[in-house]
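Please read the structure below before turning to the comments.
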Amino acid sequence: MVKTRFAPSPTGYLHIGGARTALFNYLFSKHHNGVFVLRIEDTDMERSKDEYTRDILEGLKWLGIIWDEGPFFQRERMEIYREHAYRLIEKGLAYRCYCTPEELEEKRNQAIKEGKKATYDRTCRELKEPVAEKPYAIRFKTPITGQITFNDLIRGKITFNCEELDDLIILRSDGTPTYNFTVVVDDALMGITHIIRGDDHINNTPRQILIYEALGYKAPNFAHVPLIHGKDRTRLSKRHGATSLLEYKNEGFLPEALMNYLARLGWAYGDQEIFSKEELIEKFDLDHVGKSPAIFDMDKLKWLNSHYIKTSDDNRIAVILEEFLTKLNIKIDKKEKLIPIVKSLKDRAKTIKEMAQMAEFFFNDEIHYEEKAKEKFLTPDTRKILESFLEGFTHIKADDEQAQKALIEGIVKTTGKKPVDVIQPIRVSLCGRTASPGIFEVINILGKESVENRLKRAIDSIK
RNA sequence: GGUCCCAUCGUCUAGUGGACUAGGACGUCGGCCUCUCACGCCGAAAACACGAGUUCGAACCUCGUUGGGACCA
């Protein structure tokens with residue numbers, strides 16, 4: 001059975017790259033009816049924070065990635081790693097190293113001076129007896145010669161020479177295990193069959209394979225996904241504003257848009273652009289994951305988001321819109337307005353946040369007029385138009401589009417102006433701006449009283 | 001610096017030796033629609049990094065060059 005995992009360290013928020021790695025693991029396991037495990041690699045006591053763990057869990061949930069097992073916390077498994085480290089010593093596949101950090105530092109400097117590689121010189125490798133009372137780290141006995149090759153599911157065959165690898169520390173002198181050791185122990189114990197992770201781990205892979213073998217476990221399949229880059233083509237980091245995935249939620253993106261975008265970033269299925277979650281599970285495979293890094297493109301994400309806003313259920317969008325309106329301190333006078341507002345704005349907004357901003361004027365008759373709009377359309381010249389529209393409108397219902405059209409046509413005829421010249425002043429009076437949903441739609445949503453209030457207020461503002 | 005990886009429009013990508021006059025999508029530009037803004041529709045510009053080789057034939061295979069990235073130091 002296929003079993004994958006996502007194993008982030010809670011030393012930062014769940015960023016876009018991490019989310020995509022998680023997604024690929026999730027999709028791959030679900031595609032094969034397998035199991036997806038979540039493991040939190042929190043062995044770095046200094047930098048790990050609960051806040052980050054919470055962000056990661058929440059982010060995954062929001063995106064719609066559901067794990068079958070876990071979350072497991074490495075901090076709770078320290079004994080297991082220690083036990084495995086000593087097991088390797090017993091098997092003669094690891095050894096105690098008594099070199100002090102100072103000695104190591106000196107050796108390193110010396111090697112660099114001589115133009116050699118700054119790797120550990122294996123001083124303690126052949127020590128026969130443990131030295132009592134002296135602190136030690138445990139090092140892994142890396143084969144001195146030979147090659148290690150693995151078949152990456154995305155990149156094909158990758159080969160390393162063992163000479164390039166030194167005897168890495170698996171357990172520090174303070175008893176804490178190191179990264180390359182804990183991943184292997186956990187992945188082996190948890191029965192992970194496919195490790196899908198970032199490109200940045202390729203160089204760790206040969207060491208890890210060696211550790212699998214030493215421990216007597218079968219190495220899993222590896223698939224290294226290229227990293228996501230920022231516009232400057234370097235790895236995404238805080239500089240690129242790639243903080244938390246949840247920030248996209250706060251910016252008004254829909255989770256399915258983000259999932260769709262992330263999946264298509266570095267993976268393709270012919271010419272298809274739009275994928276539901278179910279479709280992704282059905283169609284995702286490692287064969288069509290690209291090998292070169294992808295650059296994050298906000299415009300395309302926005303396009304997908306607007307697509308999902310357009311095609312999403314109005315009630316659902318209304319609920320989200322309400323949250324954003326509240327966040328913007330906009331008081332919702334009548335909840336029944338929300339659905340019609342969504343209907344009128346879903347083709348115009350790229351994010352729900354944008355939608356909330358566009359919707360603001362619907363909720364308060366004391367609207368703010370945009371400077372330029374007022375200058376151009378609320379003038380002594382247009383005042384007559386507004387007055388005659390208000391006069392006619394008092395006899396009409398707010399949902400009677402036909403009557404409103406007739407009224408405007410009448411004004412067009414008597415003034416000799418173009419329809420747009422009649423409508424724009426009305427639009428600015430009602431919305432405070434020159435761009436808005438269709439004028440009849442706006443009137444209908446606002447209702448008779450609001451429309452009359454706003455017209456009066458606009459007319460007064462001209463005086 | 002060492003090791004490893006990568007290379008098709010600005011961006012995401014299709015492409016697995018002949019169907020390639022290199023396809024789709026975002027973005028850009030132009031047009032249509034239109035009460036404004038959007039939406040929608042139509043159209044355009046836009047790429048195989050370079051050089052050798054293999055082959056009847058190369059975006060696709062091989063080698064090299066250049067460029068980029070990651071990890072380690």
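Naming: A, B, ... by sequence-line order, numbering from 1 per chain.
When each of A/E273 and A/P293 is assigned the nucleotide of RNA chain B with its nearest heavy atom, A/P293 is the one assigned upstream, toward the 5' end. Where A/R207 and A/E401 meet RNA chain B, the nucleotide closest to each residue was compared, and A/E401 sits on the side nearer the 5' end.
Counting non-hydrogen atoms under 4.0 angstrom, A/I439 reaches a base of the nucleic acid. Contact annotation for A/P419: no contact, since no heavy-atom pair falls under 4.0 Å across all strands. Within 4.0 Å (heavy atoms only), A/P226 reaches no atom of the nucleic acid at all. Nucleic acid contact for A/Y269: none, since no nucleic acid atom lies under 4.0 Å from a heavy atom of the residue. When heavy atoms are screened at a 4.0 angstrom cut-off, A/S306 is found touching no nucleic acid atom at all. In this structure, A/G198 reaches neither bases nor backbone, as no heavy-atom distance under 4.0 Å exists between it and the strands shown. A/S292 comes within contact range of the sugar-phosphate backbone alone, with a heavy-atom separation under 4.0 Å but no base atom that close. At the heavy-atom level, A/R264 lies under 4.0 Å from base atoms of the strands shown.
Between the CG atom of A/L301 and the P atom of B/U11 there is a distance of 18 Å, rounded to whole Å. Rounded to whole angstrom, the span from the NZ atom of A/K291 across to the C1' atom of B/A14 amounts to 15 Å. Between A/L345 atom CG and B/C37 atom P there is a gap of 16 Å when expressed in whole angstrom units. Look at CG on A/D200: it is 17 Å from P on B/C4, rounded to the nearest Å. The separation between A/I274 atom CD1 and B/U13 atom C1' is 14 Å, rounded to whole Å. One atom, CD1 of A/I16, and another, C1' of B/U11, lie 16 Å apart when rounded to the nearest Å. For A/L430 and B/C37, the CG to P distance is 17 Å, given to the nearest whole Å. The interatomic distance linking A/K300 (NZ) with B/G24 (C1') rounds to 9 Å, in whole Å.
For the pair A/K448 and A/F393, the distance from NZ or CZ to the six-membered ring centre is under 6.0 Å and the angle to the ring normal is within 45 degrees. By the 6.0 Å and 45° rule, A/R96 stacks over the aromatic ring of A/Y136.
Of the P atoms belonging to B/C4 and B/C9, the separation is 27 Å, rounded to the nearest Å. Taking the C1' atom of each, B/U36 and B/C42 are spaced 23 Å apart, rounded to whole Å. Comparing the C1' positions of B/C72 and B/C48 gives a spacing of 34 Å, expressed to the nearest Å. The same atom, C1', is picked in B/G17 and in B/G57; the two are 8 Å apart, to the nearest Å. For the C1' atoms, the distance from B/A49 to B/G40 is 39 Å, rounded to whole Å. B/A46 and B/G23 are spaced 14 Å apart, taking the C1' atom of each and rounding to whole Å.
Of all nucleotides present, only B/A49 satisfies the Watson-Crick or G-U wobble test against B/U65, with each distance under 3.5 Å. Nucleotide B/U54 has no partner under the Watson-Crick or G-U criteria, as no pair reaches both atom distances under 3.5 Å. With a cut-off of 3.5 Å on both pairing distances, the Watson-Crick or G-U wobble partner of B/C72 is B/G1. With a cut-off of 3.5 Å on both Watson-Crick or G-U wobble distances, the partner of B/U28 is given as B/A44. If you check B/A59 for Watson-Crick or wobble pairing at under 3.5 angstrom, you find it has no partner at all. Pairing of B/C33, defined by two Watson-Crick or G-U wobble distances under 3.5 Å, is not identified with any nucleotide.
An OP1 or OP2 oxygen of B/A38 is reached within less than 4.0 angstrom by no side-chain nitrogen or oxygen of A/K310.
A/N305 and A/T351 share no side-chain donor-acceptor pair at under 3.5 Å. Donor-acceptor pairing under 3.5 Å is lacking for the side chains of A/Y52 and A/D42. Counted by atom type alone, A/Y179 and A/D44 present zero donor-acceptor pairs between their side chains at under 3.5 Å.
Ranking B/A70, B/C26, B/C4 by closeness to the A/I202 side chain, first place goes to B/C4. The side chain of A/A268 sits closest to B/A14 out of B/C4, B/C35, B/A14. Listed nucleotides B/C4, B/G27, B/G69 differ in distance to A/D299; the shortest reach to its side chain belongs to B/G27. Looking at the side chain of A/D271, the nearest of the listed nucleotides B/C35, B/G23, B/U13 is B/G23. Side-chain atoms of A/R155 lie closest to B/C5 of the nucleotides B/C35, B/C5, B/G10.
Near-neighbour residues of RNA chain B inside residues 347-381 of chain A, defined by a heavy atom below 4.0 Å, number-ordered: A/D347, A/R348.
For the pairing with A/F181, the side-chain contact (heavy atoms from CB on, under 4.5 Å) check across A/I138, A/L171, A/L88, A/I169 returns one residue only, A/L88.
A/D152 places a side-chain N or O within donor-acceptor distance of the main-chain N or O of A/H224, the cut-off being under 3.5 Å.
Remark: A/K343 NZ is loosely packed, at most 12 non-hydrogen atoms of other residues, nucleotides or ligands lying under 6.0 Å away.
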Please report the C-alpha distance between A/W267 and A/F275 in whole Å, then the side-chain angles of each, then the deciding distance to 0.1 Å, and finally whether the ring pair (Phe, Tyr, Trp, His ring centres under 6.0 Å) criterion is met. CA-CA 12 Å; A/W267 173 82; A/F275 296 87; 5.3 Å; yes
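On a pure distance criterion of 3.5 Å, no polar donor-acceptor pair joins the side chain of A/E164 and the base of B/G2. For B/C35, the base has a donor-acceptor partner in the side chain of A/R427 [N/O atoms by modelled type, under 3.5 angstrom].
For an aromatic pair to be called close, the ring centres must be under 6.0 Å apart, and A/Y261 with A/F296 satisfies this.
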